[in-house]
Amino acid sequence: MRLVLIGATGGTGLHVIDQAIDRGHHVVAYCRRPDALKPRPGLTVAGGHLDDRDALVSALSSADAVLCTIGPKAGLAGMFGVTVMQDNVPLISAAMRDAGVSRLGLLSAYGVGDTARTASPLARFAYKTMVAPPDRGKENSQNPLAAAGLDVTRVLPVILDDGPLNPHATVRPMSTVRKVSGLPKVSRATVAAA
């Protein structure tokens, strides 16, 4: 399968590259800093910005699917990039339509939108206060996707960390999640596997 990865130089994106290539897929990493990635068998690095429609459409043109792992930086630095998804996911979806690609895997976050209803009281408080601005940007980016005619799968991880891959982690449809206790974490490697 030919996968175009947007967000390839981030913590989760780097794991996606490794795991996809290990599974026999070809990855096209579309990124604004192509020198941040070392080309290797199974990886094509395409430089460009998300607002460069022609370059993005060109990179997407032969994709079987697009994986998007962009998002605000972790910690306080992320508070200054809270609209990164809101600003860029519409550009990606429009370019996908132009390139004739309909399959999108989108990294979001547990707690975005109505997913917080199953969270613990402590987590709901965090979603309404500390991470509200970036989560609002994520939610605003995803609302228009239903009308875009894309086949979208959202991945909604809990708090991300840099731990090892957990081969026993469970991936469930959000419709089956009844309660998530505490403030659980999951590794970026595990999310990339999902």
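We're numbering straight along the sequence, starting at 1.
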Separation of Leu50 CG from Ile92 CD1 (nearest 0.5 Å): 5.0 Å

Can you find a heavy atom in the side chain of Leu150 that is under 4.5 Å from one in the side chain of Val66? no

Quick one: list whatever passes side-chain hydrogen bond (donor to acceptor under 3.5 Å, both in side chains) with Ser120, sequence neighbours left out. none

Minimal non-hydrogen separation, Asp161 against Lys185, with atom names: OD2-CB, 3.6 Å

Apply salt bridge (charged side-chain N to carboxylate O under 4.0 Å, His left out) to Arg23 and list each qualifying residue two or more places apart in sequence or on a separate chain. none

Hey, are Arg2 and Asp64 close enough for a salt bridge, meaning a charged N less than 4.0 Å from a carboxylate O? no

Leu91 vs Arg53 side-chain heavy atoms within contact, under 4.5 Å: no

So which residues get pulled into Leu183's cluster when ILVMFWY side chains under 4.5 Å apart are joined, directly or through others? Leu122, Ile159

To which residues is Leu14 joined in a hydrophobic cluster, defined by side-chain heavy-atom contacts under 4.5 Å among Ile, Leu, Val, Met, Phe, Trp and Tyr, whether direct or through other members? Met1, Leu3, Leu5, Val16, Ile17, Ile21, Val27, Leu37, Leu43, Val45, Leu67

Kindly work out whether a path of hydrophobic side-chain contacts (I/L/V/M/F/W/Y, heavy atoms less than 4.5 Å apart) joins Val171 to Val152. no

Taking Arg40 first and then Asp18, would you say they form a salt bridge - that is, a charged N and a carboxylate O separated by under 4.0 Å? yes

Please check this pair: side chain of Ser187 against backbone of Pro164, looking for a donor-acceptor N/O pair closer than 3.5 Å. yes

Separation between CZ (Arg178) and CZ (Arg172), nearest 0.5 Å, reads 9.5 Å

Is the backbone of His49 close enough, under 3.5 Å, to the side chain of Tyr30 for a donor and an acceptor to pair up by distance? yes

Locate the shortest heavy-atom distance separating Ser93 from Pro90; write the atom from each residue and the value. OG-O, 3.1 Å

Donor-acceptor pair, side chain of Arg103 and main chain of Asp151, under 3.5 angstrom: yes

Calculate, to the nearest 0.5 Å, the distance between atoms CD1 and OG1 belonging to Ile70 and Thr12 respectively. 12.5 Å

Residues in side-chain hydrogen bond (donor to acceptor under 3.5 Å, both in side chains) contact with His26, at least two apart in sequence or another chain: Thr44

How far apart are the closest heavy atoms of His15 and Ala192, and which atoms are they? CB-CB, 3.5 Å

Val186 side chain reached by Val191 side chain, heavy atoms, under 4.5 Å: yes

Going by the rule salt bridge (charged side-chain N to carboxylate O under 4.0 Å, His left out), which residues pair with Asp162 if we only count those two or more places apart in sequence or in a different chain? Arg188

Atom of Gly71, atom of Val84 and distance for their closest heavy-atom approach: C-CG1, 3.3 Å

Are Leu165 and Val155 connected in the hydrophobic side-chain network, where two residues link if heavy atoms are under 4.5 Å apart? no

What are the two closest heavy atoms between Ala119 and Ala123, and how far apart are they? CB-CB, 3.8 Å

From Asp51 CG over to Asn88 CG, what is the distance, rounded to the nearest 0.5 angstrom? 7.5 Å

Does one hydrophobic cluster hold both Val57 and Ile6, with members joined at side-chain heavy-atom distances below 4.5 Å? no

Under 4.5 Å between any side-chain heavy atoms of Thr118 and Tyr110, yes or no? yes

Is the NZ atom of Lys179 crowded by more than 12 outside heavy atoms at less than 6.0 Å? yes

Looking only at heavy atoms, what is the nearest atom pair of Val28 and Ala46, with distance? CG1-CB, 4.3 Å

Any luck finding a side-chain donor-acceptor pair between Thr9 and Arg32 under 3.5 Å? no

